[in-house]
J.: 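A single structure is presented below for examination.
Because the structure is predicted, anything quoted here is derived from the model rather than measured. Just so it is clear, the values below take in all heavy atoms, side chains as well, and ignore hydrogens, waters and symmetry mates. Start at 1 and go down the list; that is how both ligands and their atoms are numbered.
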Amino acid sequence: MDRIYLDANATTPVLPEVVDAMRPFWTETFGNPSSAHHSGQRTRSAIEHARASVAKLLNCTAKEIVFTSGGTESDNLALSGVLQPFIDKRQPAHVITTQIEHHAILYTAQALRSRNVDITYLAPTRAGLIDPDAFEAALRPDTELVSIMLANNETGAVQPVGKLARIAKAYNPAILVHTDAVQAAAKLPLDLSGALKNVDILSISGHKMYAPQGTGILFIRKDVHLAPLFHGGPQERQRRAGTENVPGIVALGRAAELALAWLNSDAPQQLAALRDRLEQGLLAAIPNTHINGPSGTQATHRAPNTTNLRFDSVDAEALLIALDMQGISASFGAACQSGATEPSHVLLAMGLTPAEARSSLRLSLSRLTTADEIDRALDIIPAAVARLRSLA
Ligand code: PLP
């Protein structure tokens with residue numbers, strides 16, 4: 001029987017349409033996009049077509065899109081790109097971020113801190129949400145950058161980034177606002193001319209939106225200058241040196257087109273309904289189970305594909321191994337943390353005890369998850385939890 005993949009927040013499969021779009025760019029149309037000859041110009045125009053598709057998904061201009069190697073590079077370029085000039089000039093600078101960011105942000109912030117950048121880490125509420133009043137209170141005259149994620153990779157909690165950006169700009173229009181939208185892209189509408197019009201910089205990873213691993217996007221609003229991370233050629237309008245990953249960029253463009261069509265259909269509601277069926281089914285079948293993240297009246301503040309559940313007195317690591325053996329791929333947090341015994345920094349920041357965090361499991365559905373898979377998971381997971389509890 002086929003495996004049940006419930007770890008789409010770690011990575012998504014590459015869609016067949018995306019693979020088809022990429023294929024010619026390895027073997028047939030493989031020119032260097034910086035070459036003046038015909039082959040080069042064909043790949044150049046494929047890159048620009050992809051850029052236009054991504055811009056359409058985000059409702060911004062194509063010139064504002066930079067292609068990178070992934071979410072981690074996009075996050076590093078955003079933070080270091082804004083702050084490097086302050087470090088170079090030995091000018092004080094303050095950054096506001098949160099305790100629940102991905103390590104691509106947290107460790108970059110830590111590196112900047114060691115170079116005299118002052119960082120405020122906002123704590124979330126118990127539901128994993130950032131309180132706009134607490135955010136406003138943290139703003140300072142020397143605040144240069146805000147970096148707050150859109151959807152959390154572990155709980156799916158969706159932060160009010162549009163509102164926070166508006167508050168920041170009202171306090172000081174010169175503050176730059178970055179958001180890590182890696183877990184929001186292709187799941188939620190992202191409108192950089194509407195709800196997110198005060199966001200200046202936005203990170204996306206290809207492999208969370210059905211394009212390959214090692215591909216990414218950084219939106220940089222017109223007139224915002226970032227110091228580049230890489231030095232070399234003039235690619236990406238001097239913002240990201242290095243010969244472009246043409247097949248990867250073509251994939252991002254095709255994935256963006258498919259994401260737009262998906263978002264404009266009723267598929268997001270169907271995905272949320274499938275997630276709710278899994279979540280409600282597990283809550284009903286397994287006593288002493290709790291949702292980590294926005295629920296009840298706050299349930300809409302959550303990505304449609306994610307649930308993070310806590311099973312009292314169950315070791316999530318043992319549960320993951322049991323589920324894996326029965327054909328279910330899941331995780332207890334960020335993929336890069338899986339296998340580590342440290343409890344999730346996100347769940348701890350929300351006020352869970354280390355024991356509670358260690359009893360928590362993340363289930364994240366993909367666009368390809370079927371009702372049959374959810375029903376099979378609803379047979380397997382309660383039995384696995386009951387067995388672990390009986391052994392404890
Ligand atoms: N930001 C978030 C919220 C993520 O979930 C991830 C990956 O899990 C990243 C950044 C890093 O993206 P990438 O794996 O493309 O480097």
Side-chain angles (χ1 to χ4, degrees), residues 5-14 18 54 65-81 97-111 121-122 124 128-130 146-159 161 178-188 190 199 201-219 229-230 240 245 248-249 251-252 255-256 259 293 301-308 329-340 344-347 349-350 362-366:
Y5 183 73
L6 295 175
D7 202 14
N9 286 9
T11 202
T12 50
V14 182
V18 173
V54 171
I65 299 299
V66 174
F67 292 114
T68 68
S69 68
T72 299
E73 184 188 330
S74 292
D75 284 345
N76 273 264
L77 177 52
L79 268 61
S80 300
T97 186
T98 78
Q99 297 175 358
I100 56 170
E101 300 296 315
H102 188 269
H103 284 120
I105 295 290
L106 290 178
Y107 290 160
T108 307
Q110 193 175 310
Y121 297 92
L122 296 174
L129 294 168
I130 299 299
V146 167
S147 179
I148 296 184
M149 73 194 327
L150 244 167
N152 185 270
N153 44 311
E154 297 192 27
T155 64
V158 175
Q159 306 303 338
V161 170
H178 167 250
T179 187
D180 175 336
V182 164
Q183 296 289 351
K187 290 176 193 156
L188 304 167
L190 301 180
V199 168
I201 318 168
L202 179 143
S203 305
I204 293 180
S205 168
H207 75 105
K208 317 285 184 177
M209 55 175 282
Y210 308 89
Q213 292 150 358
T215 61
I217 296 163
L218 190 65
F219 158 81
L229 288 180
F230 300 165
R240 204 273 184 180
N245 169 5
I249 290 171
L252 286 169
H301 302 280
R302 202 158 55 136
N305 76 318
T306 309
T307 180
N308 191 307
S329 301
S331 126
F332 45 56
C336 35
Q337 280 179 314
S338 303
S344 147
H345 70 281
V346 173
L347 299 181
M350 286 161 58
R362 175 184 76 183
L363 300 166
S364 48
L365 285 63
S366 89

J.: State, yes or no, whether a side-chain contact exists between Glu154 and Leu347 at a heavy-atom distance under 4.5 Å.
T.: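 Side-chain contact under 4.5 Å: yes.
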
J.: Say whether Asn152 and Asn308, considering side chains only, have a donor N or O and an acceptor N or O under 3.5 Å apart.
T.: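 Side-chain D/A pair, Asn152 to Asn308: absent.
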
J.: Using side-chain heavy atoms (C-beta onward) and a distance below 4.5 Å, is Met149 in contact with Val161?
T.: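 SC-SC contact between Met149 and Val161 ruled out.
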
J.: With heavy atoms of Asp75 as the reference, note each atom of ligand 1 found under 4.0 Å away.
T.: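 Atoms satisfying the 4.0 Å criterion: 1 (N), 10 (C).
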
J.: Ignoring hydrogens and geometry beyond distance, is a side-chain donor-acceptor pair present between Thr11 and Gln213 at under 3.5 Å?
T.: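 There is such a pair (donor and acceptor under 3.5 Å, judged by atom type) between the side chains of Thr11 and Gln213.
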
J.: Within ligand 1, which atoms have a heavy atom of His207 less than 4.0 Å away?
T.: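 This gives 13 (P), 14 (O), 15 (O) as the contact atoms.
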
J.: Atoms of ligand 1 less than 4.0 Å from Gly71 heavy atoms?
T.: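 Heavy-atom distances to Gly71 below 4.0 Å select 12 (O), 13 (P), 15 (O), 16 (O).
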
J.: Which one of Lys208, Glu154, Gln213 has a non-hydrogen atom at the shortest distance from atom 7 (C) of ligand 1?
T.: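 Nearest heavy atom to atom 7 (C) of ligand 1 lies in Lys208.
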
J.: Is ligand 1 under 4.0 Å from a heavy atom in the side chain of Val182, in the backbone, in both, or in neither?
T.: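 Only the side chain of Val182 comes within reach of ligand 1.
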
J.: Between His103 and His345, is there a side-chain heavy-atom distance shorter than 4.5 Å?
T.: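 Yes, close enough: below the 4.5 Å cut-off.
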
J.: Does any non-hydrogen side-chain atom of Ser329 lie less than 4.5 Å from one of Leu6?
T.: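 No - every pair of side-chain heavy atoms lies 4.5 Å or more apart.
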
J.: Can you sort out which atoms of ligand 1 are near Gly70, meaning under 4.0 Å from one of its heavy atoms?
T.: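 Within the 4.0 Å cut-off of Gly70, ligand 1 contributes 15 (O).
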
J.: Judged by non-hydrogen atoms, does Glu73 sit under 4.0 Å from ligand 1?
T.: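 Glu73 does not count as a contact of ligand 1 under the 4.0 Å cut-off.
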
J.: Just go through Thr68, Asp180, Ile217 and tell me whose heavy atom is the nearest to atom 2 (C) of ligand 1.
T.: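 Looking at heavy atoms only, the winner is Asp180.
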
J.: State whether the side chain of Ser205 and the backbone N or O of Val182 hold a donor-acceptor pair below 3.5 Å, judged by distance alone.
T.: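 Between the backbone of Val182 and the side chain of Ser205 there is no qualifying donor-acceptor contact (under 3.5 Å).
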
J.: With nothing but distance in play, are any N or O atoms of Thr72 less than 3.5 Å from an N or O of ligand 1?
T.: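 It does: an N or O of Thr72 is found under 3.5 Å from an N or O of ligand 1.
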
J.: What are the atoms of ligand 1, with element, lying closer than 4.0 Å to any heavy atom of Met149?
T.: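 Every atom of ligand 1 under 4.0 Å from some heavy atom of Met149: 3 (C).
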
